[in-house]
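Here's the structure, in structure tokens; my notes come after.
Ligands are counted one by one from 1 in listed order, and the atoms in each one are counted from 1 as well. This chain uses plain numbering: 1 for the first residue, then up along the sequence. Heavy atoms only: backbone and side chains are in, while hydrogens, waters and symmetry mates are out.
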Amino acid sequence: MALNLFNTLTRRIEPFAPMDAQERRVGMYCCGPTVHDFAHIGNFKTFVLADLVRRYLEFKGYQVNHVMNVTDVEDKIIRRVRESGTTLQEFTRRYESAFFEDHRALNCLAPTSTPRATEFIGDIVALIERLQARKLAYVAADGSVYFSIDKYRGCGCRYGQLLNLNFDQMRPGERVANDEYGKEAIADFALWKARVPEDGDVFWPSPWGEGRPGWHIECSAMSMKLLGPSFDLHLGGEDLIFPHHEDEIAQSEGAGLQANGMPFVRHWVHAAFLLVEGKKMSKSLGNFFTLRDLLEKGFVGREIRYLLLSARYRESFNFTLEGLQSARVALARLDECLGKLRDRAAGASAGVVDATLLQGVTEALDDDLNVSQAWGTIFEWVRDQNRKISEGGMTPAEAANASAAFEKVLGIFGLEATGAAEAPDAVRALAEARQAARKARDFRQADVLRDELKALGWVVEDTAKGPKLKRL
Ligand code: AMP
Ligand code: ZN
């Protein structure tokens, strides 16, 4: 069966059908991080969704060209560069590498390409020139270039494809210079921003004078350059629907590079927010956890990934540390079953992979990535396997088939068991301190440290080969 996905463009669940169905190639773009700070795990809810979509399409035999840009120049970044007294590159590269480190810690596959906006200035300028030649962009008195929504609509194009907009609120010719604005401020938006003193050294030459690109045009230029003027899938968090994605459509379709009747993007997928006590997890509300915060508390990337994949992507849910504890327990149950299946298989090779589990899971995921149903199926199956093993009713060959199916399913979720869970740095440091205390015969301190480890979910076993860290 096909993967059925909700499409923000049509407000319907639709079978996902790539343009290049014959070659089974998929072009997928996910708006990447704005590298002005460490990403929080709300951001990663969206990136983990993109990774799940990619893994699932690959499981279905598609070849996914996955592009995730790095926004390394926009309003917030410039403000932070100014405050930090560093250069744009020095500032953004630090957060960019932290982002990719976190992305890997969450077991997200490396995208096919990760273009930086600052390396596509030529393409951005060419796209704005094209919009200008088509009379959809105009130069303001200060040398900034704006997109004219009125002219765009006048050509029969639709502004407001992803959500319904009330144009009565719009006064033609009014402009918005900021990258971020609400739908009550529908106005011509900036494609190119003329250099101002606050920009410091952040500027490039252009036909309109020195300046820098607006945020929205960056994504239109990079996506069309790397995936072509029409591609299959575009993802992001729900806050990007307006204005970012609406503006991307306007710029890209306004440039008119698509073949007749083809849209810029066929299928738009948006992740609902990760919340904290009912509010969007965000930098501005200060209610966020970075991945690093949670690793320091002794959690591992796999547990956080599991939590982020425990609810369907279109549902918001509250992040809590208790939820993360439950993720740990759930993963331990999965790992225990897999361990038992592997032991029972005892080297027998898998013949036909057990189809029941895979069938149940694909049925659930084909239904707009219904992960809740998929997890229900998986845990029920795990219970059955545990029972069969304990009743002695499973042959090694059956166990090998079952564990092969189980590993495949865990691979779709990017939650493959890594064997002995790797202890995070904070946990290893505690274990080393405990070992030092024992050596110094300070058993009281050693016990305190053992309890601290326990609170983080780890035990130290003193083996003949020295202390060994194990998950509780
Ligand atoms: P940014 O780095 O701010 O451009 O955001 C990167 C991605 O994270 C975008 O797709 C946002 O829509 C998404 N995002 C931001 N906050 C949240 C949240 N609380 N839950 C889910 N996605 C989010
Ligand atoms: Zn974008």
Side-chain angles (χ1 to χ4, degrees), residues 8 28-53 67-77 79-80 92 95-96 98-100 102-103 106 108 111 114-117 120 124 127 162 179-180 189 191 213-227 231 233-252 264-265 268-291 304-305 307-319:
T8 315
M28 167 170 133
Y29 186 91
C30 181
C31 290
T34 305
V35 283
H36 62 93
D37 208 334
F38 295 110
H40 58 66
I41 55 159
N43 300 133
F44 279 111
K45 179 174 184 283
T46 295
F47 299 122
V48 165
L49 165 68
D51 189 62
L52 173 69
V53 170
V67 179
M68 180 181 70
N69 73 294
V70 174
T71 302
D72 61 350
V73 55
E74 55 80 79
D75 297 347
K76 281 191 298 261
I77 294 179
R79 211 176 312 133
R80 296 285 310 273
T92 54
Y95 291 113
E96 180 190 302
F99 173 81
F100 283 113
D102 293 354
H103 196 252
L106 287 168
C108 291
T114 53
R116 295 184 183 114
F120 283 74
I124 293 169
L127 186 57
L162 295 173
D179 285 330
E180 287 180 76
F189 56 90
L191 300 167
W215 170 38
H216 315 300
I217 195 78
E218 295 176 5
C219 280
S220 285
M222 289 184 276
S223 62
M224 291 202 289
K225 172 87 179 192
L226 294 166
L227 295 170
F231 57 91
L233 257 178
H234 196 313
L235 295 98
E238 60 180 329
D239 53 340
L240 299 191
I241 295 175
F242 188 86
H244 187 54
H245 288 163
E246 196 63 54
D247 290 351
E248 268 191 51
I249 295 177
Q251 297 159 148
S252 308
F264 164 48
V265 172
W268 288 88
V269 174
H270 291 100
F273 292 142
L274 183 64
L275 308 175
V276 179
E277 292 173 352
K279 296 210 175 68
K280 177 191 175 192
M281 180 180 284
S282 71
K283 279 272 146 64
S284 53
L285 291 175
N287 59 353
F288 61 90
F289 284 96
T290 63
L291 184 74
I304 297 153
R305 182 175 173 106
L307 180 71
L308 296 176
L309 289 176
S310 60
R312 207 190 208 155
Y313 73 97
R314 282 201 287 138
E315 284 162 28
S316 285
F317 66 93
N318 276 311
F319 171 79

What protein heavy atom sits nearest [atom], and how far off is it?
atom                    : result
atom 9 (C) of ligand 1  : Leu240 CD1, 3.8 Å
atom 11 (C) of ligand 1 : Asp239 OD1, 3.4 Å
atom 5 (O) of ligand 1  : Asn43 ND2, 3.4 Å
atom 19 (N) of ligand 1 : Met281 O, 2.9 Å
atom 4 (O) of ligand 1  : Thr34 OG1, 2.8 Å
atom 7 (C) of ligand 1  : Phe47 CZ, 3.8 Å
atom 13 (C) of ligand 1 : Thr46 OG1, 3.7 Å
atom 20 (N) of ligand 1 : Leu274 N, 2.8 Å

Evaluation steps, side chain to side chain contact (heavy atoms under 4.5 Å, CB included), between Asp239 and Phe273: CA-CA 8 Å; Asp239 53 340; Phe273 292 142; 3.5 Å; yes

Pair [X] + [Y]: ring centers closer than 6.0 Å:
X      : Y      : result
Phe288 : Phe38  : no
His245 : His216 : no
Phe264 : Phe231 : yes
His103 : Phe99  : yes

Can we say Arg314 and Glu238 salt-bridge, meaning some charged N sits less than 4.0 Å from an Asp/Glu carboxylate O? no

Is it true that Asp37 and Lys76 have a side-chain N and a carboxylate O under 4.0 angstrom from each other? no

Step-by-step side chain to side chain contact (heavy atoms under 4.5 Å, CB included) determination, Phe317 to Leu307: CA-CA 10 Å; Phe317 66 93; Leu307 180 71; 4.3 Å; yes

So, is Cys219 placed with an N/O/S atom under 2.8 Å from the Zn ion (ligand 2), counting both backbone and side chain? yes

Please confirm if an N, O or S atom belonging to His244, backbone or side chain, lies less than 2.8 Å from the Zn ion (ligand 2). yes

Is the shortest N/O to N/O distance between Gly237 and ligand 1 below 3.5 Å? yes

Going by heavy atoms, is His270 under 4.0 Å from ligand 1? no

Residues His40 and Thr290: side-chain donor-acceptor under 3.5 angstrom: no

Under a 4.0 angstrom heavy-atom cut-off, which atoms of ligand 1 come close to [X]?
X      : answer
Gly42  : 17 (C), 18 (C), 19 (N), 20 (N), 21 (C), 22 (N), 23 (C)
Pro33  : 2 (O)
Lys280 : 16 (N), 19 (N)

Can you tell me if NZ on Lys283 sees more than 12 non-hydrogen neighbours from other groups inside 6.0 Å? yes

